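Inspection log for the structure reproduced underneath, given as structure tokens.
By convention here, the first residue in the shown sequence is residue 1. A quick note: this is a predicted structure, and the numbers were derived from the prediction, not measured. Scope of the values below: all heavy atoms of this structure, side chains included, with no hydrogens, waters or symmetry mates.
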Amino acid sequence: MSTHTQTTATSVRTAIVVEAPIERAFRVFTEDFDRVKPREHNILGVEIAETVLEPRAGGRVYDRGVDGNECQWARVLVFEPPNRVVFSWDISPQWQIESDLERTSEVEVRFIAESAERTRVELEHRHLDRHGEGWESARGAVGGDGGWPLYLQRFGGLIADDA
């Protein structure tokens with residue numbers, strides 16, 4: 001299990017191949033997103049109790065703090081099991097919630113069956129330049145070892161642990 005990350009002008013792409021049928025890979029990524037996203041990736045101000053990815057187009061992606069407060073940081077744009085999920089990235093390069101939807105980027109996660117028991121998962125975080133000033137540092141952060149590659153490594157670990 002290894003990830004490969006590529007950075008282009010305004011996007012980051014990373015991928016992993018897991019030993020799981022496509023339906024299971026999609027289900028684990030979306031239903032167990034709470035276990036994929038590291039707790040330290042937090043702009044709430046209190047410890048995260050859970051991260052929720054609502055499984056439908058129009059759903060929310062949010063962190064719920066131990067105090068009950070919620071921080072919505074993404075919107076589910078496309079939900080097409082077991083092939084792909086697309087969500088917005090409503091976080092500015094200053095790691096604050098971005099309320100101007102014209103200044104948000106998007107993350108597409110595609111699930112491609114390589115065989116009945118093997119799935120390639122490709123993640124693309126695109127349109128990072130929409131964030132405006134400082135977007136290059138955001139690209140570096142989400143494409144770096146502590147960004148999307150870490151999420152896919154954690155996802156791969158869940159798949160292996162639950163096998």
Can Glu122 and Arg13 be said to form a salt bridge (Lys or Arg N to Asp or Glu O under 4.0 Å), step by step?
CA-CA 7 Å; Glu122 299 177 345; Arg13 290 184 179 92; over 6 Å; no
Carefully, step by step, assess Val78 and Arg84 under the rule side-chain contact (heavy atoms from CB on, under 4.5 Å).
CA-CA 7 Å; Val78 177; Arg84 70 185 188 128; 3.7 Å; yes
Residues His127, Ser11; criterion side-chain hydrogen bond (donor to acceptor under 3.5 Å, both in side chains); working and verdict:
CA-CA 6 Å; His127 309 303; Ser11 68; over 6 Å; no
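Here the CZ atom belonging to Phe29 is positioned 6.5 Å from the CG atom belonging to Leu152, to the nearest 0.5 angstrom. If you take OG1 on Thr51 and CG on Leu44, they are separated by 8.5 Å, rounding to the nearest 0.5 Å.
In this structure, Arg126 pairs ionically with Glu106, as a charged nitrogen and a carboxylate oxygen lie closer than 4.0 Å. Under 4.0 Å is where a charged nitrogen must lie from a carboxylate oxygen, and between Lys37 and Asp63 at least one such pair does. With respect to the salt-bridge test (charged N to carboxylate O, under 4.0 angstrom), the residues Arg130 and Glu102 do not qualify. Comment: Arg39 engages Asp34 in a salt bridge, judged by a side-chain N to carboxylate O separation of less than 4.0 angstrom.
Side-chain atoms of Val109 and Phe26, non-hydrogen and from C-beta on, never get closer than 4.5 Å to each other. Put simply, the side chain of Ile97 does not reach to within 4.5 Å of the side chain of Ser92, judged on heavy atoms. Side-chain contact check for Pro149 versus Thr14: some heavy-atom pair is nearer than 4.5 Å. Gln96 has its side chain out of reach of Ile91: every pair of non-hydrogen atoms, C-beta onward, lies at least 4.5 Å apart. Considering only heavy atoms from C-beta on, Ile22 comes within 4.5 Å of Asn83 through its side chain.
Heavy atoms from other residues, nucleotides or ligands lying under 6.0 Å from CD of Glu40 number more than 12. The 12-atom threshold is exceeded at CD of Glu70, counting heavy atoms of other residues, nucleotides or ligands nearer than 6.0 Å.
Listed for the Thr119 side chain is no donor-acceptor partner under 3.5 Å among the backbone atoms of Phe111. Side-chain N or O atoms of Arg139 include one that pairs as donor or acceptor with a backbone N or O of Ala9 at under 3.5 Å. In this structure, His125 contributes its side chain and Trp89 its backbone to no donor-acceptor pair below 3.5 Å. In this structure, the side chain of Ser115 engages the main chain of Glu117 through a donor-acceptor pair within 3.5 Å. Without hydrogens or angle criteria, Thr104 side chain to Asp90 main chain gives no donor-acceptor distance under 3.5 Å. Side chain of Glu54 to backbone of Arg56: no donor-acceptor contact under 3.5 angstrom is found. Judged by distance alone, the side chain of Arg110 and the main-chain N or O of Glu124 form no donor-acceptor pair under 3.5 Å. Counting only distance, with no hydrogens or angles, the side chain of Arg103 and the backbone of His131 share a donor-acceptor pair below 3.5 Å.
With Tyr151 as the aromatic partner, Arg154 does not meet the cation-pi criteria of under 6.0 angstrom to the ring centre and within 45 degrees of the ring axis.
Ring-centre distance between Trp95 and Trp73: not below the 6.0 Å cut-off.
If you run side-chain contact (heavy atoms from CB on, under 4.5 Å) between Leu123 and each of Val142, Val85, Val107, only Val107 comes through.
Of all heavy-atom pairs between Ala74 and Ser88, the closest is CB-O, 2.9 Å.
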